[in-house]
Amino acid sequence: MLLGSWTETFIFSWYVMVPLMLCSIISIAIILERILSLRPDSVIKPALSRAIHELGYGGKTTLVEQESLDEDTALSRLVRACLMYTSWPKDENADAVQAYARREIVRLERGLVFLEVVTGLGPLLGLMGTILGLIRIFSSAGNAAEISTQSSQIAAGIAEAMYCTVAGLIVAIPALIAHSLFSRHIEALTIDLETLCSELLGKLYTQAESSETAQS
């Protein structure tokens with residue numbers, strides 16, 4: 001009975017249900033892709049993070065360079081940027097790395113804009129389907145020959161129209177939950193990346209200062 005009602009609703013309000021179905025499919029694809037892409041090991045390579053922590057002030061960066069080339073992660077790209085501009089002053093290097101970091105954040109947030117749109121679009125599409133369905137029901141209510149038949153048709157029509165609102169919420173709620181969780185997770189990853197890059201920059205320029213002091 002419930003499946004039949006959903007089928008009738010899909011046919012009755014296809015102009016709303018089809019976009020909702022497309023939004024649902026795309027949202028699920030984005031959620032699964034972000035789950036795989038935002039794993040901590042996929043963003044911050046543990047071996048590279050350990051190499052940065054173990055790098056001494058004034059020590060050689062050979063291990064850090066090697067680990068940054070082994071895998072293409074967000075941290076690896078930022079570390080390569082840090083090492084690329086070591087001939088620049090520390091402040092200019094930090095500004096350059098910050099520009100690279102903004103690009104990495106955009107990569108981490110890929111697809112989240114669509115999830116945010118779906119959280120608002122889903123209920124609105126469902127509400128539009130409900131309202132248009134009710135308009136169609138009441139505009140044709142006077143055509144029924146008997147009152148009992150008319151009442152049953154209106155009740156069935158209202159139920160079908162309300163399914164549009166339910167469908168919109170079913171699409172929007174998972175997108176809202178996923179968007180909130182991913183945003184918090186990306187914020188935590190961003191803090192970790194910023195901390196590691198700051199630590200590396202501090203050690204790189206302490207190394208340079210130590211070398212200048214030794215030469216003098």
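Heavy-atom basis, side chains included; hydrogens, waters and symmetry copies ignored. All of these numbers come straight from a predicted model, not from anything done at the bench.
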Chemist: Is the closest side-chain heavy-atom distance between Met21 and Ile25 below 4.5 Å?
Modeler: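 Of all side-chain heavy-atom pairs linking Ile25 with Met21, at least one is under 4.5 Å.
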
Chemist: Other residues, nucleotides and ligands only: do more than 12 of their heavy atoms fall within 6.0 Å of CE on Met128?
Modeler: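 Enclosed: over 12 neighbouring heavy atoms sit under 6.0 Å from CE of Met128.
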
Chemist: Return yes if some donor-acceptor pair links the side-chain N/O of Thr73 with the main-chain N/O of Ser76 below 3.5 Å, else return no.
Modeler: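 Such a contact is found between Thr73 side chain and Ser76 backbone.
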
Chemist: Say you draw a straight line from OG1 of Thr119 to CZ of Phe114; how long is it, rounded to the nearest 0.5 Å?
Modeler: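 That separation rounds to 10.5 Å.
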
Chemist: Taking side-chain contact (heavy atoms from CB on, under 4.5 Å) as the test, write out the residues that go with Arg50, two or more places apart.
Modeler: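 Per chain and number, Arg50 pairs via side-chain contact (heavy atoms from CB on, under 4.5 Å) with Ala47, Glu54.
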
Chemist: The criterion is side chain to side chain donor-acceptor pair (under 3.5 Å); which residues satisfy it with Asp41, sequence neighbours excluded?
Modeler: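 None.
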
Chemist: What are the two closest heavy atoms between Lys203 and Ile52, and how far apart are they?
Modeler: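 The answer is NZ-O, 2.9 Å.
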
Chemist: Hey, is the main chain of Trp88 close enough, under 3.5 Å, to the side chain of Asn93 for a donor-acceptor pair?
Modeler: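 No: the side chain of Asn93 does not pair with the backbone of Trp88.
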
Chemist: Say whether, by atom type as modelled, one donor and one acceptor occur between the side chain of Lys45 and the main chain of Glu67 under 3.5 angstrom.
Modeler: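 Side chain of Lys45 to backbone of Glu67: a pair is present.
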
Chemist: Using a 3.5 Å cut-off and no angle test, enumerate the donor-acceptor pairs between side-chain atoms of residues 173-189 and protein atoms at least two apart in sequence or in another chain.
Modeler:
residue	atom	partner	partner atom	Å
Ser180	OG	Leu176	O	3.0
Ser183	OG	His179	O	2.7
His185	NE2	Leu38	O	2.6

Chemist: Less than 4.5 Å apart, side chain to side chain, heavy atoms only: is that true for Leu112 and Arg34?
Modeler: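 Yes; the side chains approach each other to less than 4.5 Å.
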
Chemist: So Leu193 and Val43, do their side chains get closer than 4.5 Å, heavy atoms only?
Modeler: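 When only atoms from C-beta onward are counted, Leu193 and Val43 do touch, with a gap below 4.5 Å.
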
Chemist: Stepwise, does the side chain to side chain contact (heavy atoms under 4.5 Å, CB included) test hold for Ser42 with Leu36?
Modeler: CA-CA 8 Å; Ser42 300; Leu36 295 175; over 6 Å; no

